[in-house]
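All values below were derived from every heavy atom in this structure, side-chain atoms included, with hydrogens, water molecules and symmetry-related copies excluded.
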Amino acid sequence: MPLIAEIMIAVCLVIGTFFTVVTGIGLLRLPDIFCRMHAAGKAGTLGVVMVIIGAIIFFAMDHPNVAFRGLLAIFFQFLTTPAATHLLARASYVREYPVSERTQVDEMRSHMPSRPDLPFGEE
């Protein structure tokens, strides 16, 4: 395997690992479910995609169909993660999951027809 390919693989795997670790730290340290979903949705997706790119580069030279499968995995990662985090955030909001005390603005209040009259912070 050429040296440049090994360097690219190593860089992709290190970046992917970094973002995956950042996701784990965000899930542990962030104050509420909405912030945690943001960390999992953004950094987690980027971490997984970088690891898949590293695997594509490593395996594509010997097995050309791996590149197609890897690109499909990346496509479905970008397709499903935003939809899943959006649905989880909406369900958490409707179920009135507690937010952080640092949260000051509730922009969803005007978009949720079931609770438009309730001031933010009151139950």
Legend entry - From CA spacing to verdict: side chain to side chain contact (heavy atoms under 4.5 Å, CB included), Met1, Phe58: CA-CA 9 Å; Met1 178 173 295; Phe58 182 77; 3.7 Å; yes
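- The distance from atom NE2 of His63 to atom CZ of Arg69, rounded to the nearest 0.5 Å, is 10.0 Å.
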Quiz: residues 71-83 side-chain donor-acceptor pairs under 3.5 angstrom, not counting sequence neighbours:
unit_1 : atom_1 : unit_2 : atom_2 : d
Gln77  : NE2    : Thr81  : OG1    : 3.2
Thr80  : OG1    : Phe76  : O      : 2.7
Thr81  : OG1    : Gln77  : O      : 3.0

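- Under the 4.5 Å side-chain heavy-atom criterion for Ile, Leu, Val, Met, Phe, Trp and Tyr, Val14 and Met50 are members of distinct hydrophobic clusters.
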All N/O donor-acceptor pairs, side-chain side in residues 19-35, below 3.5 Å, sequence neighbours left out:
unit_1 : atom_1 : unit_2 : atom_2 : d
Thr20  : OG1    : Gly16  : O      : 2.7
Thr23  : OG1    : Phe19  : O      : 2.9
Thr23  : OG1    : Gly44  : N      : 2.8
Asp32  : OD1    : Cys35  : N      : 3.1
Asp32  : OD2    : Ser100 : N      : 3.0

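- Ile57 CD1 to Ile7 CD1: the interatomic distance, rounded to the nearest 0.5 Å, is 11.5 Å.
- With hydrophobic clusters built from ILVMFWY side chains whose heavy atoms lie under 4.5 angstrom apart, Phe59 shares a cluster with Ile4.
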Legend entry - Check against side chain to side chain contact (heavy atoms under 4.5 Å, CB included), Cys12 and Val51: CA-CA 6 Å; Cys12 287; Val51 169; over 6 Å; no
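- When the side chains of ILVMFWY residues are joined at heavy-atom separations under 4.5 Å, either directly or via intervening members, Val66 and Phe68 end up in two distinct hydrophobic clusters.
- Using a 4.5 Å cut-off between side-chain heavy atoms of Ile, Leu, Val, Met, Phe, Trp and Tyr, with links allowed through other members, Ile9 and Phe18 fall into the same hydrophobic cluster.
- Applying the side-chain contact (heavy atoms from CB on, under 4.5 Å) criterion to Ala60, with sequence neighbours excluded, gives Ile56, Ala67.
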